[in-house]
Amino acid sequence: MFIGVPRESHRLEHRVGLTPYAVARLTRYDHTVVVESEAGARARFPDSEYEEAGAQIVYSAEEAYKRADIVCRVSVLSADELDLLKPGLTICGFQHLAVMPRDRIERLMELQTTLIGYEIIRDVGYTAARQAIASGAHVILVDENLARLRAISREFSGQVVTAVAGMAQLERFTAIADVVIGAILIPGAHAPVLITEEMVKGMKPGSVILDISIDQGGCIETSRPTTIDDPVFILHDVVHYCVPNMTANIARTASRALANAVLPTIKDILRKGLSAAVGEDPGLAAGVYVYEGQMVNEKVGDILGIDTVPLARLIHED
């Protein structure tokens, strides 16, 4: 099979869909990897490293898409890139369909595209708490899952204050916080707004908000997307940091981490075929938004008013 790795089209996206190491792992099994020239340059992976790994370097995004059966990229497709796609393509990357324009999704469905999203990882809040503790911060973790809160309390030996989520609790804790980290993810759906503008107004002057849910619409009412070169804005005397692709600032390390995480999934699809791989791996199945042109994610379908078809039925038909 042919795997395409295009250069990311968004100006401030420095990561790359596959690293030379990942390419080498795929080409050793006789798969062909087509990499657009300078796709890895901003992550400091030169074309020469991809060639040494067995990739074929091409000099247009169109060739990287048209020759591929599977495309491995990072960020969402731009409107201009839709014209480069061939029918029946499988695209792996951060899709964020809940905030993608409906007409773009409909065009992808018309092309019989399969869209697999990486954004189903659910441990951002846990990771943020762990890093904050390591830096010596006093951490309050708010969640609605009691079992999860108990497990975290045990793991951190009481170093984390845990509380059941509720508007009164959120208002109380945001008022005393120096930093509020919003890390809500409902796979496939728009992030719910949990921190209201009134709560933000009640925060201490000079305090900071990090809305990590911003790529799914944000979970804080005053948030709006910012960029790596203009990352913050101040509203109600509170600093807001709302960069959707924050790890693009450490592009080489982030690209390596991403490629290592997704490589087993890509290898499974290549070895077994798409339908078998999805049918045997519930985790992979959960990440499928559109399968061969059919919307299979109910949350996105409900948001956009698009009829959905059960993924299991489509796999069985294959």
Side-chain angles (χ1 to χ4, degrees), residues 2-18 32-43 45 47 50 55-119 188 190 214-217 224-230 242-249 251 254-255 258-259 262 266 287-295 297 300 303-306:
F2 281 74
I3 303 98
V5 183
R7 186 169 63 242
E8 296 294 319
S9 59
H10 297 275
R11 182 175 63 87
L12 297 173
E13 181 52 77
H14 307 315
R15 297 168 292 181
V16 62
L18 290 177
T32 301
V33 182
V34 178
V35 178
E36 184 181 356
S37 181
E38 298 191 347
R42 288 179 288 184
F45 297 114
D47 288 352
Y50 283 103
Q56 297 180 13
I57 303 299
V58 296
Y59 294 90
S60 71
E62 183 174 14
E63 193 168 1
Y65 284 106
K66 295 292 189 186
R67 292 181 59 186
D69 301 300
I70 298 175
V71 166
C72 294
R73 53 176 295 123
V74 180
S75 59
V76 298
L77 287 161
S78 68
D80 292 340
E81 286 171 310
L82 296 182
D83 293 332
L84 306 178
L85 308 184
K86 69 179 184 182
L89 191 61
T90 295
I91 302 175
C92 301
F94 293 102
Q95 310 290 356
H96 302 300
L97 295 198
V99 293
M100 182 182 285
R102 178 182 172 131
D103 60 347
R104 202 175 303 176
I105 296 173
E106 289 176 338
R107 176 62 178 148
L108 289 164
M109 293 173 65
E110 290 171 4
L111 288 167
Q112 301 294 302
T113 308
T114 295
L115 296 175
I116 298 174
Y118 294 154
E119 62 273 17
H190 195 294
I214 195 65
D215 49 12
Q216 289 290 107
R224 58 174 170 79
T226 57
T227 61
I228 286 173
D229 59 353
D230 188 15
C242 311
V243 177
N245 62 331
M246 63 176 67
T247 60
N249 251 349
S255 297
L258 176 62
V262 304
I266 302 301
V288 179
Y289 286 98
V290 177
Y291 183 85
E292 297 181 349
Q294 298 287 322
M295 177 64 69
N297 186 287
V300 171
I303 290 169
L304 299 176
I306 297 174

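In this structure, Thr226 contributes its side chain and Cys242 its backbone to a donor-acceptor pair below 3.5 Å. A donor-acceptor pair is defined here as one N or O able to donate and one able to accept, closer than 3.5 Å; such a pair exists between the side chain of His10 and the backbone of Val76.
Rounding to the nearest 0.5 Å gives a distance of 6.5 Å between CD1 of Ile57 and OG of Ser37. For the atom pair Ile303 CD1 and Leu97 CG, the distance stands at 9.5 Å (nearest 0.5 Å). Separating the CD atom in Gln216 from the NE2 atom in His190 is a distance of 8.0 Å, to the nearest 0.5 Å. Between the CD1 atom in Ile116 and the SG atom in Cys72 there is a gap of 9.0 Å [rounded to 0.5 Å]. Separating the OG1 atom in Thr113 from the OH atom in Tyr289 is a distance of 15.5 Å, to the nearest 0.5 Å.
By the 4.5 Å heavy-atom criterion applied to side chains, Ile266 and Cys92 are counted as neighbours. You'll find the side chain of Arg102 reaches within 4.5 Å of the side chain of Ile306, heavy atoms only. Side chains of Leu108 and Val290 form no contact here, defined as non-hydrogen atoms less than 4.5 Å apart. Counting heavy atoms from C-beta on, the side chains of Ile91 and Leu85 come closer than 4.5 Å. Using a 4.5 Å heavy-atom cutoff, the side chains of Ile105 and Met295 are in contact. Counting heavy atoms from C-beta outward, Phe94 and Val74 have side chains that approach closer than 4.5 Å.
Looking at residues two or more places apart in sequence or on another chain, you find no salt bridge (charged side-chain N to carboxylate O under 4.0 Å, His left out) involving Glu38. For Asn245, the side chain to side chain donor-acceptor pair (under 3.5 Å) test picks out Glu13, with sequence neighbours left out. Scanning for side chain to side chain contact (heavy atoms under 4.5 Å, CB included) contacts around Met246 gives Ile212, Tyr241, Val243, with sequence neighbours left out. Residues satisfying the side chain to side chain contact (heavy atoms under 4.5 Å, CB included) criterion with Arg42, sequence neighbours excluded, are Arg7, Glu8, His14. Taking the side chain to side chain donor-acceptor pair (under 3.5 Å) definition, one finds that Ser60 meets it with nothing, sequence neighbours left out. Residues meeting the side chain to side chain donor-acceptor pair (under 3.5 Å) test with Glu62, sequence neighbours left out: none. Partners of Tyr50 under the side chain to side chain donor-acceptor pair (under 3.5 Å) rule, at least two apart in sequence or in another chain, do not exist in this structure. Partners of Arg67 by salt bridge (charged side-chain N to carboxylate O under 4.0 Å, His left out), not counting sequence neighbours, listed by chain and number: Glu63. Take Asp229 and apply the side chain to side chain contact (heavy atoms under 4.5 Å, CB included) test, not counting sequence neighbours, and it matches Arg11, Leu12, Thr227. Listed by chain and number, the residues in a side chain to side chain contact (heavy atoms under 4.5 Å, CB included) with Arg107 are Leu82, Glu110, Leu111 (sequence neighbours excluded). Not a single salt bridge (charged side-chain N to carboxylate O under 4.0 Å, His left out) links Arg224 to another residue, sequence neighbours left out.
Scanning both residues, Asp69 and Leu89, for their nearest heavy atoms gives O-CD1, 3.4 Å. Closest heavy-atom contact between Ile228 and Ala248: CD1-CB, 3.5 Å. Residue Ala55 comes nearest to Val35 through the heavy atom pair CB-CG2, 3.7 Å, listed as atom of the first residue, atom of the second, then distance. Here the closest heavy-atom approach between residue Arg15 and residue Ala254 is recorded as CD-CB, 3.8 Å. Between Val34 and Ala64, the closest heavy-atom pair is CG1-CA, 4.2 Å. Gly4 approaches Ala68 most closely through the heavy-atom pair N-CB, 3.5 Å.
The only option from Glu81, Lys86, Glu36 that meets the side chain to side chain donor-acceptor pair (under 3.5 Å) definition with Tyr65 turns out to be Glu81.
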